[in-house]
Amino acid sequence: MINYLKNYTFIFKDLEGNTLPSFVLEVDLKNTLSFSNFINERIIAEAVNNAPPAAISLQIDSGVYLTSDGKSVITSYESLPSDTSQPIYIRPIKLAPGPAPLPFVGNAYDLIPDTLVGFNKLYATYGNVIKLNLQGNEMIGSNDTDIVELFSKESDFFTKKIVGPMQYIKQLGGKGLFTTDTDDADWTLAHLLLMPAFSPKAMKAYTEEMGQIGLKISKIFASYANEPSRDDQIMDITEWMTNVTFETIGRVGFGYDFGLLEKRGAPIHPFIRAMGFCLSESGARSIRPQLISTLSFSHNRRFNRDLKLMQDTVDEVIQARKNSPDAKNSEKDLLGFMLNAREELTDKSLTDE
């Protein structure tokens, strides 16, 4: 019987020929994936996790996977060497391009004064994969959805490191799924316990609350339609969709009503105002010298004050649920699930943090 499953050793090399950590990958020679898809979904993902950002080429295609003799180009499953002890070298075509950084601030000047406009200009100049340096922190960015999907979608090779500018966001989220490294024990436990909360079955439990939110926003929209037409009448759809998003997260996730859909002109909840400022300030801090964030400027004081307000609000919501009759109800909402979920083998649960 022919064995179509074989283990090959892949060795990633940078442009200078330096050998980076190798990895072993099982290859199904009868794989239903095309060879190019296999490269994109498995080999590149694994290579990226074993290589520093500067060595990554996001423009790899067939013709760069070489056997140990340095000549035989691998372009299909059939061209893989029959001898599995023979390592396969992966060479990038080129380093991700980008503007030359300035001392201390790096490429921050390229993103000022409008970050979005700055990124768009860089992509227009250097292509859909760019390398930036922000105050000594190197990052690879892309505006290509296929490339972004490759690195962000769930897979056996998904790896996340909170570094550079994202460290400021970590102050807001604490040890959450989005703000914790994948090799952190807290992330592993949270990922394991929370996956069922986003299953199709779990989603059905949230539909009634979502329906109530939908009815509220429909009534608000209807109030605009029932008014006499005026030239100066404006309905900011972006603002209302943001309100719907916050209400959905608050009510479906934590049984908390921000009151944003009670009526037109409803006041902005302090938590949302604080979150908006902290997110904006986190973005600003990512392109400022770190020393500025330690000084007693008004924006730094407000950041600390708003951060505490958000943390206190979340603590109050958690304690209120723990003291309520629904404390043990894991099906009420996402908060109920998080408070009651247990890992089967160790009986570990999520901490309040």
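Atom set for the values below is all heavy atoms of this structure, side chains included, hydrogens, waters and symmetry mates excluded.
For the pair Glu262 and Lys216, the minimum side-chain heavy-atom distance is below 4.5 Å. Using a 4.5 Å heavy-atom threshold, the side chains of Leu260 and Phe246 count as touching. With contacts defined as side-chain heavy-atom distances shorter than 4.5 Å, the pair Val314/Phe271 qualifies. No side-chain heavy atom of Val252 sits under 4.5 Å from any side-chain heavy atom of Asp333. Side-chain atoms of Lys131 and Met139, non-hydrogen and from C-beta on, never get closer than 4.5 Å to each other. Considering only heavy atoms from C-beta on, Val129 comes within 4.5 Å of Ile140 through its side chain. Contact of the Leu261 side chain with the Trp240 side chain is registered, since non-hydrogen atoms from C-beta on lie closer than 4.5 Å.
In this structure, the separation between OG1 on Thr238 and CE on Met241 is 9.0 Å, given to the nearest 0.5 Å. Between the SG atom of Cys278 and the CG atom of Asp306 there is a distance of 5.0 Å, given to the nearest 0.5 Å. The CZ atom of Arg305 sits 12.0 Å away from the CE atom of Met310 when rounded to the nearest 0.5 Å. Note that the OG1 atom of Thr245 and the CD1 atom of Ile272 stand 10.0 Å from one another [nearest 0.5 Å]. Lys121 NZ to Ile130 CD1: the interatomic distance, rounded to the nearest 0.5 Å, is 13.5 Å. The distance from the CG atom of Leu309 to the CE atom of Met275 is 11.0 Å, given to the nearest 0.5 Å.
Listed here is the closest heavy atom pair of Gly259 and Ala266: O-CB, 3.5 Å. Here the closest heavy-atom approach between residue Phe277 and residue Phe303 is recorded as CE2-N, 3.5 Å. For Leu122 against Leu111, the heavy-atom pair with the smallest separation is CD1-CD2, 4.0 Å. Closest approach of Asn107 and Pro99 over heavy atoms only: ND2-O, 3.2 Å. In plain terms, the two heavy atoms of Asp144 and Ser142 that are nearest each other are N-OG, 3.1 Å. Of all non-hydrogen atoms in Ile217 and Val244, the two that sit nearest each other are CG1-CG2, 3.7 Å.
Cluster membership for Ile249 and Val317, using ILVMFWY side-chain heavy atoms within less than 4.5 angstrom, is shared. In the hydrophobic cluster analysis, where Ile, Leu, Val, Met, Phe, Trp and Tyr join through side-chain heavy atoms closer than 4.5 angstrom, Tyr126 is grouped apart from Val117. Residues Tyr123 and Leu116 fall into different hydrophobic clusters, defined by Ile, Leu, Val, Met, Phe, Trp and Tyr side chains chained together at heavy-atom separations under 4.5 Å. With hydrophobic clusters built from ILVMFWY side chains whose heavy atoms lie under 4.5 angstrom apart, Leu215 does not share a cluster with Ile220.
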Exercise for the section: I would like to know whether Asn143 and Phe119 meet side chain to side chain contact (heavy atoms under 4.5 Å, CB included); could you show each step before the answer? Expected result: CA-CA 9 Å; Asn143 64 348; Phe119 269 113; over 6 Å; no
Problem - Criterion side chain to side chain contact (heavy atoms under 4.5 Å, CB included) on Leu334 and Tyr206, from CA distance to verdict - result: CA-CA 9 Å; Leu334 185 58; Tyr206 310 146; 4.3 Å; yes
Practice task
May I have the step-by-step check of side chain to side chain contact (heavy atoms under 4.5 Å, CB included) for Met338 and Phe254, ending in yes or no?
Solution key: CA-CA 10 Å; Met338 289 191 291; Phe254 305 96; 3.6 Å; yes
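No donor-acceptor pair closer than 3.5 Å links the side chain of Asp326 to the backbone N or O of Asn329. Ser324 places a side-chain N or O within donor-acceptor distance of the main-chain N or O of Arg321, the cut-off being under 3.5 Å. Of the possible donor and acceptor atoms, none in the side chain of Glu247 sits under 3.5 Å from a partner among the backbone N and O of Asp257.
In this structure, Lys308 does not pair ionically with Asp315, as no charged nitrogen and carboxylate oxygen lie closer than 4.0 Å.
Cation-pi check for Arg251 over Tyr256 is not met; the charged atom does not lie both under 6.0 angstrom from the ring centroid and within 45 degrees of its normal.
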